[in-house]
Structure formats: C-alpha cells, structure tokens
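Single-structure report; data block below.
Positions are given from 1, in the same order as the sequence printed here. Values below: every heavy atom of this structure, side chains too, minus hydrogens, waters and symmetry copies.
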Amino acid sequence: QVQLVESGGGLVQPGGSLRLSCAASGSIFSIYDMGWYRQAPGKQRELVAIITNEGSRNYADSVKGRFTISRDNAKKTLYLQMNSLKPEDTAVYYCHREGGLWGQGTQVTVSS
C-alpha cells in the first residue's frame, strides 16, 4: 500500500527554522512530481512548493527566498527546509504526490 508520512513539524519562534520530511513507501518515488501544501485554520489548502521528477522547483510567492524543497530519490523522501518562519506560516503541512496521494499532515506553529 502506498503511503506518505510527514514528520518534522512543531512549535518554533518567529525567525526560526524547521525541516519537514515526507517518507514514501510502496511505490516508485523518482518518477513522480511531488509537492508541499498547507492549510491554516479557516482557510483553503494552498500550494507551498513543488518539485518535478526532473528536479525543477516552484514556490508560492509568500515563501520564496525562505523555503527550499528538495528530494532524495534513493531514500524516497521529500523535504521542506523552512527558514525565517513567520506567524502566518502556521498551518498543517501536507505532502502530495502527483496523482492525488496525500500524507496525513504535520502541524507547524510559529509563535513566541
């Protein structure tokens, strides 16, 4: 069974950093485009960053210059390095695989 499992969320102060991971199981990882999305309370889920199977990256304007998406195909793992975090980055972050597969989400809270 194909699964995506996120980890690395938590509570961090404004200006801090977190690194999210998304481990994939049960499928070939390298051929798929992958992405990170987030959903804040009362808001719609939004795209944060995507990385294609060839390594091309795109980011939401709100995170450009602060977040970096990367992947390790040998480990079947997707990453999101988040720096200079702001309170408005607070949300549940979801890993997504091309074709509609979602992880369960990991909470990120940015607060002093």
Side-chain angles (χ1 to χ4, degrees):
Q1 184 176 356
V2 178
Q3 280 189 314
L4 299 175
V5 180
E6 300 98 333
S7 61
L11 173 64
V12 63
Q13 292 187 340
S17 298
L18 282 175
R19 188 195 197 200
L20 305 184
S21 299
C22 170
S25 62
S27 70
I28 301 172
F29 180 80
S30 62
I31 65 173
Y32 293 103
D33 297 348
M34 300 291 298
W36 288 99
Y37 290 72
R38 67 186 181 187
Q39 187 166 17
K43 295 187 177 181
Q44 290 188 330
R45 192 171 297 188
E46 64 176 2
L47 174 67
V48 175
I50 58 173
I51 183 167
T52 70
N53 61 352
E54 296 179 343
S56 296
R57 299 169 172 86
N58 278 292
Y59 299 91
D61 287 344
S62 59
V63 307
K64 280 181 182 177
R66 300 188 298 122
F67 290 11
T68 302
I69 189 171
S70 61
R71 64 193 297 166
D72 185 330
N73 290 333
K75 294 183 178 179
K76 295 185 180 180
T77 302
L78 179 72
Y79 302 100
L80 185 68
Q81 178 66 44
M82 305 186 295
N83 298 329
S84 302
L85 282 161
K86 304 175 181 180
E88 51 263 44
D89 295 318
T90 295
V92 178
Y93 283 71
Y94 296 91
C95 177
H96 176 262
R97 193 201 75 181
E98 177 185 7
L101 182 65
W102 293 92
Q104 84 288 350
T106 186
Q107 176 71 47
V108 172
T109 302
V110 184
S111 176
S112 55

When you measure from the side chain of T106 to the backbone of S7, do you find a donor-acceptor pair of N or O atoms at a distance under 3.5 Å? no
Could you check whether any side-chain N or O of Y59 sits under 3.5 Å from a backbone N or O of I69, counting only pairs where one atom can act as donor and the other as acceptor? yes
Counting heavy atoms not belonging to I28, are there more than 12 under 6.0 Å from its CD1? no
Count I, L, V, M, F, W, Y as connected when their side-chain heavy atoms are under 4.5 Å apart, and connections chain through other members. Are V63 and L18 then in the same cluster? yes
Taking the side chain from N53 and the backbone from D33, do they hold a donor-acceptor pair closer than 3.5 Å? no
Got a sec, which residues hit side-chain hydrogen bond (donor to acceptor under 3.5 Å, both in side chains) with S62, two or more places apart in sequence or on another chain? R38
Please report the shortest heavy-atom distance between E98 and Y32, naming the atom on each side. OE1-CA, 3.6 Å
Could you check whether K64 pairs with D61 (Lys NZ or Arg NE/NH1/NH2 to Asp/Glu carboxylate O, under 4.0 Å)? yes
Whichever hydrophobic residues join V92 through chains of side-chain contacts under 4.5 Å: Y37, L47, I50, Y94, W102
Student check: side-chain heavy atoms of C95 and M34 closer than 4.5 Å: yes
What about W36 and F29, same hydrophobic cluster or not, with Ile/Leu/Val/Met/Phe/Trp/Tyr joined at side-chain heavy-atom distances under 4.5 Å? yes
Pair D89-M82, side-chain contact (heavy atoms from CB on, under 4.5 Å): steps then yes or no: CA-CA 9 Å; D89 295 318; M82 305 186 295; over 6 Å; no
Check A40 against A91 and note the closest heavy-atom contact, atom names and distance. N-CB, 3.8 Å
Working to the nearest 0.5 angstrom, can you tell me the gap between L78 CG and H96 NE2? 11.5 Å
E88 atom CD: more than 12 heavy-atom contacts under 6.0 Å: yes
Interatomic spacing from CG in L20 to CZ in F67 - rounded to 0.5 Å: 8.0 Å
Do the side chain of R71 and the main chain of T52 share a donor and acceptor less than 3.5 angstrom apart? yes
Can you tell me how far CZ of R66 sits from CG of L85, rounded to the nearest 0.5 angstrom? 6.5 Å
Ignoring hydrogens and angles, tell me if any N or O in the side chain of E6 forms a donor-acceptor pair with the backbone of Q104 under 3.5 Å. yes
Pairwise distance CG(L4) to OG(S21) - rounded to 0.5 angstrom: 12.5 Å
Taking the side chain as every heavy atom from C-beta outward, state whether S17 and V12 have any atom pair closer than 4.5 Å. no
Dump the intermediate steps for side-chain contact (heavy atoms from CB on, under 4.5 Å) on T90 and Q107, then the final yes or no. CA-CA 8 Å; T90 295; Q107 176 71 47; 4.0 Å; yes
